[in-house]
Asker: 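I'd like to ask some things about the structure below.
From a predicted model like this one, the values you see are computed outputs, not experimental measurements.
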Amino acid sequence: MHFLFSTAFYKPHMGGVENYVDGLTAELASRGHEVTIICNNHSPSLPTQEIDGSGRRILRLDSHLFMNGRFPLIKQNKTNRSIFKRINDAAIDAVIINTRYYPISRKTAFLVNKKGIEPLLIDHSSSWLAVGSNPTDTAIRSYEKLANSLIKSKRIRYFCVSSKGIDWLKELGINAEGVLFNAVNASSFIDDSSHRDFRTELSIPSETPLVIFTGRLLPEKGIWTLRDAAAALSDSGIHFAVAGEGPEKDALEQRAPSNMHLVGKLSRPDVAALLEQGDVFCFPSYYPEGFPTSLIEAAVAKCAIISADNGGVADLLPDSSYGMILSNKPTAEETASAIKAVISNNLIDVEKTAQRSEEVFSWSHTADRLLAAVQK
């Protein structure tokens, strides 16, 4: 089959949706399916068209970038018209659109509806988009409402990356057919570990409890909640390692307590090594997560998971023996108390959580579900 995947951004741009598209299309390509990915071009150094090492064709649209590069608008030019003609002329069997609210999603739906194709749209959210600024968030919500009304005018079948996403779309008047989980290739993630010795680098003895956070350093990712929790636990002997970059990096470096170590942006092999050396993965994010890859990575690395009640966490952690679920916007006190309880009482069966991750949240499993949906 020939699959067309539409996404706002794609690698080398980094993000959760980009990782999802990369993982799922790699699995489809490995099974012999033809894959084309259409996305906005985020850098003038990238080619308009290329075929990667897995045989996937990537088509990049010339785009205007707004909101610090987070929101792309498609340019009206000859290059893009040529790409749209290529899509129109191609023999495509199935179309997968990622997210509702980007202009490229509506444009793709319009193009393939004209070809008589009803695309599958995979939603990667569980609440309203937000950046933590009331005026900006109000404007974003108004835009998202408009985007919802426009995309709902197209012929589309809806799916989500988590069960929580299905409930959220229902609130928006959209009935999703099912879940196509986010996933991780567990064996390659662990096998590709760099085995970098972070504990030696940070002077943290092997017997000292180590709490890990990986992700963008954004307020809505709960990074300041984690900082305050670390400060509250500074006399407990518990240490924290924070991996990632973002707009809060400089402020966090200045205000981090002595038991919080910032290790910067890491390669995936280094992330695996860090998680392998950690005891707890703490994710107090109140961002409208779809299903964070970092949670699944922590599970397969056998870190005990403590997470805010967002995205696919309830799918990954069906009861308290798999991990601890906090409120949807936990306080520092709630977070610190949970960390202390998990470390002190050994509450979580990390082996069971890892096994569930490998069985349910694999790209092979998600690809099977996608193919079944397409056949239907």
Asker: Where do Ser357 and Ala299 come nearest, in terms of heavy atoms and distance?
Answerer: OG-CB, 3.0 Å
Asker: Look at the rings of Phe283 and Phe281 and say which category their plane angle falls in: under 30° parallel, 30 to 60° tilted, over 60° perpendicular.
Answerer: parallel
Asker: If you round to the nearest 0.5 Å, how far is CG of Leu111 from CD1 of Ile83?
Answerer: 11.0 Å
Asker: Fit a plane to each ring of Tyr143 and Phe71, take the angle between them on a 0 to 90° scale, and name the class: parallel (under 30°), tilted (30 to 60°) or perpendicular (over 60°).
Answerer: perpendicular
Asker: Restricting to non-hydrogen atoms, name the atom on Phe9 and the atom on Arg70 that form the minimum distance, rounded to 0.1 Å.
Answerer: CE1-O, 3.9 Å
Asker: Given Leu4 and Ile38, is the side-chain contact (heavy atoms from CB on, under 4.5 Å) satisfied, shown in steps?
Answerer: CA-CA 7 Å; Leu4 172 67; Ile38 184 171; 4.0 Å; yes
Asker: For a quick check under 3.5 Å, do Thr293 and Asn182 share a side-chain donor-acceptor pair by atom type?
Answerer: yes
Asker: So does Arg60 pair up with Glu50, basic N to acidic O under 4.0 Å?
Answerer: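 Result for this pair is yes, salt bridge flagged.
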Asker: How far apart are the closest heavy atoms of Ser362 and Ala183, and which atoms are they?
Answerer: C-CB, 3.3 Å
Asker: Do you see a donor-acceptor pair shorter than 3.5 Å between the side chains of Gln49 and Arg86?
Answerer: yes
Asker: Any chance you could measure Glu359, atom CD, to Gln355, atom CD, to the nearest 0.5 Å?
Answerer: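 Result: 4.5 Å between the selected atoms.
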Asker: From Asp279 CG over to Thr208 OG1, what is the distance, rounded to the nearest 0.5 angstrom?
Answerer: 9.0 Å
Asker: Answer yes or no: does atom NZ of Lys85 have more than 12 heavy-atom neighbours from other residues, nucleotides or ligands under 6.0 Å?
Answerer: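 Counting neighbours around NZ of Lys85, 12 or fewer heavy atoms of other residues, nucleotides or ligands fall under 6.0 Å, so no.
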Asker: State whether the number of non-hydrogen atoms from other residues, nucleotides or ligands found under 6.0 Å of Lys11 atom NZ is greater than 12.
Answerer: yes
Asker: Check whether the side chains of Tyr101 and Asn148 place a donor and an acceptor atom closer than 3.5 Å, and report yes or no.
Answerer: no
Asker: Determine the minimum heavy-atom distance between Leu370 and Leu28, stating which atoms define it.
Answerer: CD2-CD1, 3.9 Å
Asker: If you measure from the Lys or Arg side-chain nitrogens to the Asp or Glu carboxylate oxygens, is any gap between Glu177 and Arg157 under 4.0 Å?
Answerer: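 Salt bridge present between Glu177 and Arg157.
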Asker: Do His2 and His33 make the cut of ring centroids closer than 6.0 angstrom?
Answerer: no
Asker: Do Pro257 and Arg227 come close enough that some side-chain heavy atom pair is under 4.5 Å?
Answerer: yes
Asker: Do you know which two heavy atoms are closest between Val271 and Glu297, and how far apart they sit?
Answerer: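 Heavy atoms of Val271 and Glu297 come nearest at CG1-OE1, 4.0 Å.
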Asker: Is there a path of hydrophobic side-chain contacts, each under 4.5 Å between heavy atoms of I, L, V, M, F, W or Y residues, that connects Leu295 with Leu226?
Answerer: yes
Asker: Please give me the minimum heavy-atom distance between Asn259 and Ala230, naming the atom from each residue.
Answerer: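 Between these two residues, the closest heavy atoms are ND2-O, 3.0 Å.
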Asker: Could Glu144 and Arg100 be called an ion pair, given the rule that one side-chain N must be under 4.0 Å from one carboxylate O?
Answerer: yes
Asker: Using only heavy-atom distances, determine whether the side chains of Ser63 and Asn40 contain a donor-acceptor pair under 3.5 Å.
Answerer: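 Result is yes, a qualifying pair exists.
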Asker: Whether the Thr25 and Arg56 side chains hold a donor-acceptor pair (N or O, under 3.5 Å, no angle test) is what I'd like checked.
Answerer: yes
Asker: Answer yes or no: are there more than 12 heavy-atom neighbours, outside Lys170 itself, under 6.0 Å from its atom NZ?
Answerer: no
Asker: To the nearest 0.5 Å, what is the distance between CG (Asp319) and CE (Met324)?
Answerer: 12.0 Å
Asker: Are any of the side-chain heavy atoms of Ile305 and Ile348 separated by less than 4.5 Å?
Answerer: no
Asker: Does atom CG (Asp235) have a neighbourhood of more than 12 heavy atoms from anything else shown, all under 6.0 Å?
Answerer: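 No, the 6.0 Å shell around CG holds no more than 12 heavy atoms from other groups.
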Asker: Does the side chain of Asn310 come under 3.5 Å of the side chain of Ser285 through a donor N or O and an acceptor N or O?
Answerer: no
Asker: So which of Trp168, Tyr286, Tyr287 actually passes ring-ring contact (aromatic ring centres under 6.0 Å, His included) with Trp128?
Answerer: Trp168
Asker: Does some side-chain heavy atom of Tyr20 sit less than 4.5 Å from a side-chain heavy atom of Asn98?
Answerer: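 Side-chain contact under 4.5 Å: yes.
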Asker: Considering only NZ, NE, NH1 and NH2 on the basic side and carboxylate oxygens on the acidic side, decide whether Asp52 and Arg57 come within less than 4.0 Å.
Answerer: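 No salt bridge links Asp52 with Arg57.
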Asker: Is there a continuous path of hydrophobic side-chain contacts, each under 4.5 Å between heavy atoms, that joins Ile97 to Phe159?
Answerer: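 Result: no, two separate clusters.
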Asker: Before we go on, tell me: are the rings of Phe181 and Trp363 under 6.0 Å apart, centre to centre?
Answerer: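 No, ring centres 6.0 Å or more apart.
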Asker: Could you go step by step and tell me if Tyr158 and Lys152 meet the side-chain contact (heavy atoms from CB on, under 4.5 Å) rule?
Answerer: CA-CA 10 Å; Tyr158 292 88; Lys152 285 163 68 176; 4.1 Å; yes
Asker: Would you say the side chains of Asp368 and Thr366 form a donor-acceptor pair under 3.5 Å?
Answerer: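 No pair is found: no donor N or O on one side chain lies under 3.5 Å from an acceptor on the other.
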Asker: Please answer whether the main-chain N or O of Ser125 pairs with a side-chain N or O of Asp123 as donor and acceptor at a distance below 3.5 Å.
Answerer: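 Flag set: sc Asp123 to bb Ser125 pair under 3.5 Å.
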Asker: Do the side chain of Gln277 and the main chain of Phe198 share a donor and acceptor less than 3.5 angstrom apart?
Answerer: yes
Asker: Indicate whether any N or O donor in one side chain lies under 3.5 Å from an N or O acceptor in the other, for Asp62 and Asn80.
Answerer: no
Asker: Quick one: are Tyr10 and Leu46 in side-chain contact, heavy atoms under 4.5 Å?
Answerer: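 Contact flag for Tyr10/Leu46 side chains = no.
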Asker: Should Asp191 and Arg268 count as an ion pair when the cut-off is N to O under 4.0 Å?
Answerer: no
Asker: Evaluate Ile339 against Ile306 for side-chain contact (heavy atoms from CB on, under 4.5 Å), listing each step before the verdict.
Answerer: CA-CA 7 Å; Ile339 291 170; Ile306 299 172; 3.9 Å; yes
Asker: Could you check whether Glu289 pairs with Lys221 (Lys NZ or Arg NE/NH1/NH2 to Asp/Glu carboxylate O, under 4.0 Å)?
Answerer: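 Yes, Glu289 and Lys221 are salt-bridged.
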Asker: When you compare the side chains of Lys352 and Ser321, does any donor N or O come within less than 3.5 Å of an acceptor on the partner?
Answerer: yes
Asker: Between Arg196 and Glu201, is the closest basic N to carboxylate O distance under 4.0 Å?
Answerer: yes
Asker: In Å, rounded to the nearest 0.5 Å, how long is the span from CZ of Phe291 to CD1 of Ile296?
Answerer: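 Here the interatomic distance stands at 4.0 Å.
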Asker: Hey, could you give me the CG/NE2 distance between Leu180 and His124, rounded to the nearest 0.5 Å?
Answerer: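 Answer for the CG-NE2 pair, Leu180 versus His124, is 9.0 Å.
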Asker: Salt bridge check, Glu351 against Lys302: does any charged N sit closer than 4.0 Å to a carboxylate O?
Answerer: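 Result for this pair is yes, salt bridge flagged.
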Asker: For Phe110, does the six-membered ring have the charged nitrogen or CZ of Lys154 within the cation-pi criterion, i.e. under 6.0 angstrom from the centroid and within 45° of the normal?
Answerer: no
Asker: Looking at Ser6 and Ser105, would you say the former's side chain and the latter's main chain have a donor-acceptor pair under 3.5 Å?
Answerer: no
Asker: Just checking, is any N or O donor in the side chain of Glu334 or Ser327 under 3.5 Å from an acceptor N or O on the other one?
Answerer: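 Note: Glu334 and Ser327 side chains meet the donor-acceptor criterion.
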